[in-house]
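Proteins come first, then strands; the chains are lettered A, B, ... in the order of their sequence lines, and each starts at number 1.
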Amino acid sequence: MIVPALLPLFLAHAPPAIAAPADLAVPGTDVALHEFAPASTFAWVQTTAHAPLVAQGLDHPWVAKVLDSPLVKAEFSGRGVDPLAALEAAKAALGASPFDILSGLTSSGIALGLVPGFGKEPRPFAIMRGSDADTFEDALDPLIDALSGFDAIREIAVEQGKALGDHVERVWNVGGGAAFAATFDDQTIIITTNLADLTSCAKRTNGATGLAEGRAGFDPVGDTFAWLDLDAIEKGGELGDLRAMSTNAGSHFVLGPVLTHFGSASSLGFDVDFGGNQITARMLAEGSRPGKGAASFPGENRNAPQCPTPSPSEVGRVHIYRDIETLLDLRADLFEPQTLPGIAEGIAGLALVLGGPDATEEVIDAIDPHWSVLFNDVEFDEAAAPDVPFPSATGVFHLKDPSLNGMRLVQAFQSLISLQNVERAMQGRPGYLLSLRPVESHTMTVATLPTPHQGDGVDVRYNLAPACAAVDGYFVIGTHHASVADTVKSIAAGRLQHAPKRSLDHASFSARALADLVASNRDILQMNAMLEDGKAKGQAAMEIDTLLALLGGVESFEFETVDPGTLGGSNGQGPSPLQARVTVRLAR
Amino acid sequence: MNRAPLGAEAPPSQDASGGAAPWDTAAAAHVFRRIGFGANLGTLRAAVANGFEATVAELETRRAHDPAFMGGSVEKLLSLGDLTSLQSRWMALILGNGAPLLERVTLMWHGHFATSNSKVGDVRLMHRQNELFRTHGLGDFRELFHRAAKDPAMLVWLDGNQNRVGSPNENFAREVLELFGLGIGGGYSENDIKEAARAFSGWSVTSRKFVFRKEHHDGGEKTMFGKGGVRTGEEAIDRVLAHPECPNWIARRLLSTFVSPEPERVDIVRFGKVLVGEGWDIGRTLARIFRDPIFMAPGARRSRIASPVELVSLVVLTTKSDFSPLDAVRAAGVMGQTLFMPPTVKGWDGGRNWIDPGTWVARHNMLSNFALAKGLDGKAAFGKVKRSEAVDAVLAVLMPEGVDAEMRKALESTAASAHSDGHAVHKVAALVFTSPEFHLV
């Protein structure tokens, strides 16, 4: 597929000529593109990010890099297409460069929208705008001439066109009635699938109400903006899974309160901004209705405890807010009935390993809902270094009454390992060896598999050498004892910092660490692509090279969710939007 | 590989009854279906030009596996503990067609010394057994027998590692006689099994390796087939190999795999003697079989029901299709043959048992979907042809020996009902793929 092949290349190279966010309204006019959209529009996407690319065409560094990429070359070659020859042929047919035509017609923005169809199928429409009259005409004329030559377009009489309003200039019937197009006196082109929609769009130029006014969450910002009216889409009955998220226990635990309630929003907005040395994508959920689930937001409890500072081996970290106690208290109200037996089973299992105290009232309640998970490269013991090593994950939890609850959790860990050993023994497999190791002035419980025999290969399960410890008000548990020991040392030495305050959930990862992980497992990834996707060796290798190039062009990835701070209130209604943001910081 | 002189054998272009059979693409397709897993039209035409002997010799000796699927990377892949990776890797070697006879023999021994990961639960052990079949499958059967019996996956699978003096476990000994060496009713008694079990006591597995635990071994003398003198497991296997039915049982396995599903007793005995005469060398014995008139006889062609692995491989190789190894593994699994997971100690029953209402529907669905919806590249497989040429083009690749008049009429009618030349090729191919004749190899 060409598009997935191109995407990493677009992202892999720093944008040398991305324009600053463009105002989609043309200088001299006060009508933005989205204002042409009919009020019934339920899906909308607009962008100006393409403008520098099409303006420079083959001279744009991205375009040149894409066309020069081995992956893209192979893709075109496999389809028997020479892109440069195809462009030359198009230029000969159109009488002008396709890039020049595209730039002349769309340099001030291009947008696509959907309105409800007469039947089930929605009807699309497109709106585009050039920058100035001369350039616009220079682009439009050769295109119309070429299409007329193919008998693909027929101009409609001016008198008929005038029915669309005073601002209309020319109107065409495209493809024998498959579509209609009109140009307006502000270098705008509107293309619709029928005349009624064209009339509806044109009304805005005559002062009628457009999309922006009175529509929840429609706030077009950034280089690229998209918007979905979920309530309107739901009327078509197509939002079952999204709407069900807010009543699904798994979604609450895995996605957290913000993303879970994106599903209950009345509209979603997306914008992407190419600014400075980073790309920021933002998603806003307007009109979320969490109901009793609002209690799982932090409310006034927004101050997360400190967590360990990053160590040199850190590849990423996640801070999340999971108020499990509230979710369990409200489970009968929040979740679908069929999930309740599973939750009860989980609580019973937890009670088994805790061996005494009430799991929910005494232990879960003692764990602060602000959790931190740290990911680190691991220094494995030489004899037990897995053939495919993975970074470790270490959870850091702040405890109430730490001397009591820390001990309870350590005992629960030991019980859990013992139960695992019973199961493994029943399968005839070696169990974990439990031991206690001193770390500074604290004690760490460690579970390790027996050292593998030399020459036997070290299985992936040797990535798991779990350990835990209670230290200075924290409970630390991780997939590998080496990372747990480092974390314990950091806490004991007071090397602590605050998590980002404005975010509810926050994740950050180093691109270099991910690139190292990909590079060190290159042979496995290549073989997997050949075995699972049937790719040729060269193709698989090129894809990995492209991924590495992508990661090489990035410094870090960051994801965060933000709640407006009002959802935890008593009314359970969120007037402000929930927000999720992804930031890709590019390498300098 | 050393091969015996061929002069003593009948010319390959004559059938068993002495009648001449032309060396054409139909004959070449038979050779490729048996010694390998199939070939496209270009390969068949080249084989016709090269002649029978050169074609067979090339298939016997080709050793050109893709290096990406060999060596250290495979061990790394296995460390993930995922059986599908192991299955896909083997399927990649089959579909890669780098060593056709070697992979066919490996598949044969996987069915003969059947071991399933469902009980072994260790992909590294399954891989090592698979490599054992690959490295010794065409060599001295006696050595293969000894090595397969001591293979850790085999001992786990058949509870051989639970066999101790005073508490014998006869599973392993029973299969050594009944399945590996002599065949059911192959001239042994229950007492022979008990005695063999005593001989195998103490064989065990530690840290993925075979170990002999002397303290668990019954050191007394055992009597097998009415003759004493057996004390160890190795001596018990040698006693099985010395049994007159052993070479016949192995010859039967070779003939039913490479010639016809129910070989004549006279041929079994004849090639049992060839096997012994060739020093139990499987490669040399197969070379004699391939050059014997029974191999190319009309009665041998299209006489076996293709196993799912054979069928999927045949489709991919004849049509030059892009089909991922994992998808091929899954397709074969749905049709009843999951690599490394034979259903019982007997392996897959095969033959008519490959087909039942469920597996036939699975075959039909997979092949129809492949031909009509996704997978088949009509131009790559059959060339760019017009609707009127579609039937001949498809049959030349899939059924070069032709079809009867009734079938041909149905194919022509199908081509005529297509909405384009390309569609005609796909529709005809779908009909051929799903015809019973195509499932015979």
> Looking at CG of N463(A) and OG of S79(B), how far apart are the two atoms once the value is rounded to the nearest 0.5 Å?
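The OG atom of S79(B) is 8.5 Å from CG of N463(A), to the nearest 0.5 Å.
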> Can you tell which of D523(A), N521(A), D533(A) has the highest number of heavy-atom pairs within less than 4.5 Å of chain B?
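That would be D523(A).
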> Which heavy atom of D459(A) sits nearest a heavy atom of R208(B), and at what distance?
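D459(A) and R208(B) have their closest heavy atoms at OD2-NH2, 2.8 Å.
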> Heavy-atom pairs under 4.5 Å with chain A: which of S207(B), A92(B), G72(B) has the most?
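With the most close heavy-atom pairs to chain A, the winner is S207(B).
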> Ignoring hydrogens, what is the shortest heavy-atom contact between G534(A) and P325(B)? Give both atom names and the distance.
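Shortest heavy-atom separation between G534(A) and P325(B) comes out as CA-CD, 3.9 Å.
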> Working to the nearest 0.5 angstrom, can you tell me the gap between K535(A) NZ and S324(B) OG?
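Separation between the atoms: 10.5 Å.
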> Nearest 0.5 Å, what's the OG-CG distance between S73(B) and D387(A)?
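Interatomic distance, S73(B) OG to D387(A) CG, rounded to 0.5 Å: 11.0 Å.
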> Tell me, side chain or backbone of R124(B) under 4.5 Å from chain A's heavy atoms, or both, or neither?
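For R124(B), side-chain heavy atoms alone lie under 4.5 Å from chain A.
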> Within a 6.0 Å radius of atom CZ on R128(B), are there more than 12 heavy atoms belonging to other residues, nucleotides or ligands?
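Result for CZ/R128(B): enclosed.
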> Working to the nearest 0.5 angstrom, can you tell me the gap between L531(A) CG and D327(B) CG?
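The CG atom of L531(A) sits 11.5 Å away from the CG atom of D327(B).
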> M527(A) and L77(B): which non-hydrogen atoms are nearest, and at how many Å?
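Looking at all heavy atoms of both residues, the shortest contact is SD-CD2, 3.5 Å.
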> Does NZ in K384(B) sit with more than 12 non-hydrogen atoms of other residues, nucleotides or ligands closer than 6.0 Å?
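Atom NZ in K384(B) is not crowded, with 12 or fewer foreign heavy atoms closer than 6.0 Å.
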> Verify the neighbour count for atom CD of E379(A): are there more than 12 heavy atoms of other residues, nucleotides or ligands below 6.0 Å?
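No, the 6.0 Å shell around CD holds no more than 12 heavy atoms from other groups.
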> Can you confirm whether more than 12 heavy atoms, excluding those of K379(B), are under 6.0 Å from its NZ atom?
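For K379(B), atom NZ is not crowded (no more than 12 foreign heavy atoms under 6.0 Å).
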> Quick check on E345(A): does its CD atom have over 12 non-hydrogen neighbours (other residues, nucleotides or ligands) under 6.0 Å away?
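Result for CD/E345(A): open.
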> With a 4.5 angstrom heavy-atom cut-off, could you sort out which part of V123(B) is near chain A: side chain, backbone, both or neither?
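Contact with chain A is absent: no heavy atom of V123(B) under 4.5 Å.
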> With a 4.5 angstrom heavy-atom cut-off, which part of D122(B) approaches chain A: side chain, backbone, both or neither?
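Neither the backbone nor the side chain of D122(B) comes within 4.5 Å of chain A.
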> For the OG atom of S85(B) and the CG atom of N528(A), what is their distance to the nearest 0.5 Å?
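Here the rounded value is 5.5 Å.
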> Mind listing the closest non-hydrogen atom pair of I524(A) and K76(B) along with its distance?
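The answer is CD1-C, 3.4 Å.
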